[in-house]
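Letters A, B, ... are given to chains in the order of the sequence lines, protein chains preceding strands, and every chain is numbered from 1.
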Amino acid sequence: MKRRLPREFFARDAAAVARDLLGRVLCRRLPDRRVLRGRLVEVEAYVGPEDRASHAWRGRTPRNVAMFEAGGIAYVFRVYGIHFCLNAVTGRQGFPAAVLLRAAESPIDGVSASGPGRLCRAFSVDASFDGASFVGPDLWLEPGDLAPDRAVQRTARIGVDYAGAWARRRLRFVVAGSPDASGPRRLR
DNA sequence: GGTGCGATTGCA
DNA sequence: GCAATCGCACCA
């Protein structure tokens, strides 16, 4: 069995974790014991309580409690009443921060999950994973092998235009040239 | 207790 | 271009 990224991996600020997550392999063990794997190619950092684009901006609520936990767990929320979005919680207990996983490509079969909602569907992640361990038996990350010199593109985050100056912060990280990058055709 | 809307997607 | 669809945040 391959190595899992340890809890300490998540115990840094969200932007650092986000950058480091590119090329890592998202792993999900299904009830039938099959294991799905996909290389992360697009993520976004939500960096703290002052980040106006973050769900935690207005403080702790029933929805976002997972963001306030110590790094190493999942934060899953429903968006537009239809889709789920999967985040890796980062940082220390009490400080709300997370990395939204937006797109992955499968190193095995080349199937891509482009977009946070589609990623959750592809990996069969739903609200029951909110607060679940990201170093657990059903959900974890493996190191992966992104070439160190593989270019990483930084852009503004998608769909947070309401967030004032925070909307313009370049907290979206994409593996340059990845065909699986999601978002509006327009790349900001 | 009522209301407005979103860290999106798919289809016209 | 826009409907789908619902939990949650906010106001009363």
Side-chain angles (χ1 to χ4, degrees), chain A residues 10 12-22 24 26 28 36 38 40-69 71-91 95-106 111-132 134 139 141 152-175 178-188:
Chain A
F10 304 91
R12 296 173 282 161
D13 73 80
V17 175
R19 169 63 184 81
D20 203 358
L21 275 174
L22 291 183
R24 308 290 187 177
L26 174 65
R28 165 88 170 93
L36 304 176
L40 295 172
V41 293
E42 180 189 359
V43 298
E44 286 179 1
Y46 290 81
V47 298
E50 75 285 359
D51 181 352
R52 216 177 146 192
S54 170
H55 287 165
W57 180 54
R58 280 181 241 261
R60 189 189 298 246
T61 68
R63 174 171 64 160
N64 66 22
V65 282
M67 289 190 80
F68 288 78
E69 295 301 315
I73 65 170
Y75 166 47
V76 180
F77 63 93
R78 190 190 284 277
V79 67
Y80 295 104
I82 308 172
H83 307 288
F84 292 105
C85 292
L86 171 62
N87 297 250
V89 174
T90 68
F95 185 87
V99 177
L100 172 65
L101 309 185
R102 292 190 58 93
E105 65 189 11
S106 167
V111 172
S112 72
S114 177
R118 299 165 112 190
L119 183 148
C120 279
R121 206 179 47 179
F123 283 83
S124 194
V125 169
D126 61 21
S128 70
F129 277 86
D130 188 35
F134 229 117
L139 186 67
L141 288 159
V152 170
Q153 203 172 6
R154 291 187 63 159
T155 77
R157 292 169 292 185
I158 305 296
V160 295
D161 294 340
Y162 57 86
W166 282 94
R168 281 171 248 120
R169 294 283 293 271
R170 311 207 318 166
L171 291 169
R172 174 169 173 256
F173 299 78
V174 190
V175 174
S178 169
D180 299 308
S182 75
R185 349 272 187 254
R186 256 208 316 277
L187 217 62
R188 276 172 276 196

- Item | Between dT8(B) (C1') and Y162(A) (OH): distance, integer Å | 13 Å
- Query: Which nucleotide in the list dA7(B), dA4(C), dT9(B) gets nearest to the side chain of R118(A)?
  - Reply: dT9(B)
- Task: Give the nucleotide from the list dG6(B), dA7(B), dT9(B) with an atom nearest to the side chain of Y80(A).
- Result: dG6(B)
- Item | For atom CZ of F84(A) and atom P of dT5(C), their distance in whole Å | 14 Å
- Would you call D20(A) and R12(A) a salt bridge, taking side-chain N to carboxylate O under 4.0 Å as the test? yes
- Task: Report which part of the nucleic acid R52(A) touches: base, sugar-phosphate, or nothing (heavy-atom distance under 4.0 Å, all strands).
- Result: nothing
- Message: For a 4.5 angstrom cut-off between non-hydrogen side-chain atoms, does E44(A) reach P116(A)?
- Response: no
- Among dA4(C), dA9(C), dT8(B), which nucleotide sits nearest the side chain of T61(A)? dA9(C)
- Atom-pair distance (CG on L101(A); P on dA7(B)), nearest Å: 16 Å
- Query: Within this structure, what is the CE-to-P distance between M67(A) and dA7(B), rounded to whole angstrom?
  - Reply: 11 Å
- Task: Indicate yes or no: at least one non-hydrogen side-chain atom of D13(A) is less than 4.5 angstrom from one of V47(A).
- Result: no
- Task: Output yes when at least one side-chain N/O atom of R63(A) is less than 4.0 Å from OP1 or OP2 of dA9(C), else no.
- Result: yes
- Message: Just the rounded figure in Å: distance from P of dT8(B) to CG of L86(A).
- Response: 14 Å
- Item | Residue R121(A), side-chain heavy atoms: nucleotide from dT9(B), dG10(B), dA7(B) that is nearest | dG10(B)
- Using purine N1 to pyrimidine N3 plus N6-O4 or O6-N4 for Watson-Crick, or N1-O2 and O6-N3 for G-U wobble, each under 3.5 Å, what pairs with dG6(B)? dC6(C)
- Message: Would you compute the distance between atom CZ of R157(A) and atom CG of L171(A) and round it to the nearest 0.5 angstrom?
- Response: 4.5 Å
- Query: Whom does dG1(C) pair with, Watson-Crick or G-U wobble, provided both distances fall under 3.5 Å?
  - Reply: dC11(B)
- Closest to the I82(A) side chain, choosing from dG10(B), dA7(B), dT5(C): dT5(C)
- Message: Of the listed nucleotides (dT8(B), dG7(C), dA7(B)), which one gets closest to any side-chain atom of R78(A)?
- Response: dG7(C)
- Task: Could you check how far CG of D130(A) sits from P of dC6(C), rounded to whole Å?
- Result: 18 Å
- OP1 or OP2 of dT9(B) sitting under 4.0 Å from any side-chain N/O of H83(A)? no
- In whole angstrom, what separates R169(A)'s CZ from dA7(B)'s P? 18 Å
- Task: Tell me which nucleotide among dA9(C), dT8(B), dA7(B) gets nearest to the side chain of P62(A).
- Result: dA9(C)
- Just how far, in rounded Å, is C1' of dA7(B) from CG of L171(A)? 12 Å
- Per-pair stack call Y46(A) and dA7(B), 5.5 Å, 30°: yes
- Item | OG1 on T90(A) to OH on Y46(A), rounded to 0.5 Å | 12.5 Å
- Between atom CZ of F95(A) and atom CD of E69(A), what is the distance when rounded to the nearest 0.5 Å? 14.5 Å
